Novice: 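I'd like to ask some things about the structure below.
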Amino acid sequence: MRKIILLCSAGMSTSMLVKKMQEAAAADSYECEIAAFPMSEAKAKAADADIIFLGPQVRFSKDKVAEQCPGRPVEVIDMKLYGRMDGKGD
């Protein structure tokens with residue numbers, strides 16, 4: 001099971017996207033744990049993630065998060081997908 005963490009300013013807006021991602025994962029029978037947290041909890045909550053996604057509003061923090069969570073891939077969510085709350089990523 002893969003652990004996917006989303007980070008944003010307060011963890012609120014990405015929480016909506018988490019639900020959409022969970023629905024898309026379930027539809028594809030993809031076993032994963034997905035959660036959203038504020039940037040302030042990045043080191044504590046994302047250190048053991050399989051992948052870390054950043055909300056577009058905190059994309060400038062990519063290097064900092066990568067430094068706090070070494071060996072973990074850190075990606076920024078596409079602004080269009082984020083705006084549409086596209087949990088599947090189409």
Side-chain angles (χ1 to χ4, degrees):
M1 180 178 299
R2 298 183 54 86
K3 183 175 180 181
I4 302 168
I5 298 295
L6 281 68
L7 299 171
C8 71
S9 295
M12 301 298 272
S13 58
T14 51
S15 292
M16 294 182 286
L17 184 57
V18 165
K19 182 175 172 140
K20 298 286 188 175
M21 290 174 70
Q22 289 169 333
E23 290 170 0
D28 287 346
S29 299
Y30 183 79
E31 291 189 30
C32 62
E33 175 185 329
I34 309 170
F37 300 99
M39 284 294 301
S40 60
E41 296 185 39
K43 189 173 183 178
K45 300 291 186 179
D48 63 342
D50 291 302
I51 188 163
I52 302 164
F53 288 109
L54 303 180
Q57 70 275 34
V58 293
R59 64 185 171 276
F60 60 88
S61 299
K62 184 177 179 181
D63 291 340
K64 180 180 178 183
V65 173
E67 184 179 303
Q68 290 177 336
C69 304
R72 307 290 176 215
V74 180
E75 298 294 332
V76 176
I77 301 168
D78 179 82
M79 195 174 298
K80 289 180 184 178
L81 295 176
Y82 192 84
R84 291 192 317 246
M85 289 288 142
D86 183 346
K88 192 167 182 174
D90 291 335

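Here the structure is a predicted model, which is why all the values come from computation and not from measurement. These numbers come from the heavy atoms of this one structure, side chains and all, not from hydrogens, waters or symmetry mates.
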Novice: Nearest heavy-atom pair of Gly55 and Tyr82: which atoms, and what distance?
Specialist: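 Looks like CA-CE1, 4.1 Å.
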Novice: A side-chain contact here means heavy atoms from C-beta on lying under 4.5 Å apart; do Val65 and Met39 qualify?
Specialist: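 Answer yes - side chains close enough.
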Novice: Ignoring hydrogens, what is the shortest heavy-atom contact between Leu7 and Pro38? Give both atom names and the distance.
Specialist: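 Answer, listing the atom of Leu7 first, then Pro38: CD2-O, 3.9 Å.
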Novice: Of all residues at least two apart in sequence or in a different chain, which pass the side-chain contact (heavy atoms from CB on, under 4.5 Å) check with Glu23?
Specialist: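 Applying side-chain contact (heavy atoms from CB on, under 4.5 Å) to Glu23 gives Lys19, Lys20.
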Novice: Might you point out which heavy atoms bring Val18 and Leu6 nearest each other, and give the distance in Å?
Specialist: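 That would be CG2-CD2, 4.1 Å.
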Novice: Roughly how far apart are Phe53 CZ and Met21 CE, rounded to 0.5 Å?
Specialist: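 One gets 5.5 Å once the value is rounded to the nearest 0.5 Å.
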Novice: In terms of hydrophobic clusters joined by side-chain contacts under 4.5 Å, are Val58 and Met79 together?
Specialist: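 Not linked; separate clusters.
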Novice: For residues 45-52, run the donor-acceptor check on the side chains, cut-off 3.5 Å, and write out each pair with its distance to 0.1 Å, sequence neighbours left out.
Specialist:
from: Asp48; atom 1: OD1; to: Lys3; atom 2: NZ; distance (Å): 2.7
from: Asp48; atom 1: OD2; to: Lys3; atom 2: NZ; distance (Å): 3.2
from: Asp50; atom 1: OD2; to: Lys3; atom 2: N; distance (Å): 2.6

Novice: How far does CD1 of Ile5 sit from CZ of Phe37, to the nearest 0.5 angstrom?
Specialist: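 Between Ile5 CD1 and Phe37 CZ, I get 5.0 Å after rounding to 0.5 Å.
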Novice: Kindly compute the distance separating OG (Ser9) from CG (Leu54), expressed to the nearest 0.5 Å.
Specialist: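 The CG atom of Leu54 is 10.5 Å from OG of Ser9, to the nearest 0.5 Å.
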Novice: Can you list every pair that meets side-chain hydrogen bond (donor to acceptor under 3.5 Å, both in side chains) and has a residue in residues 62-72, with sequence neighbours left out?
Specialist: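 Found none.
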Novice: Identify, with sequence neighbours excluded, every residue that meets side-chain hydrogen bond (donor to acceptor under 3.5 Å, both in side chains) alongside Arg2.
Specialist: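 side-chain hydrogen bond (donor to acceptor under 3.5 Å, both in side chains) check on Arg2 returns Tyr30.
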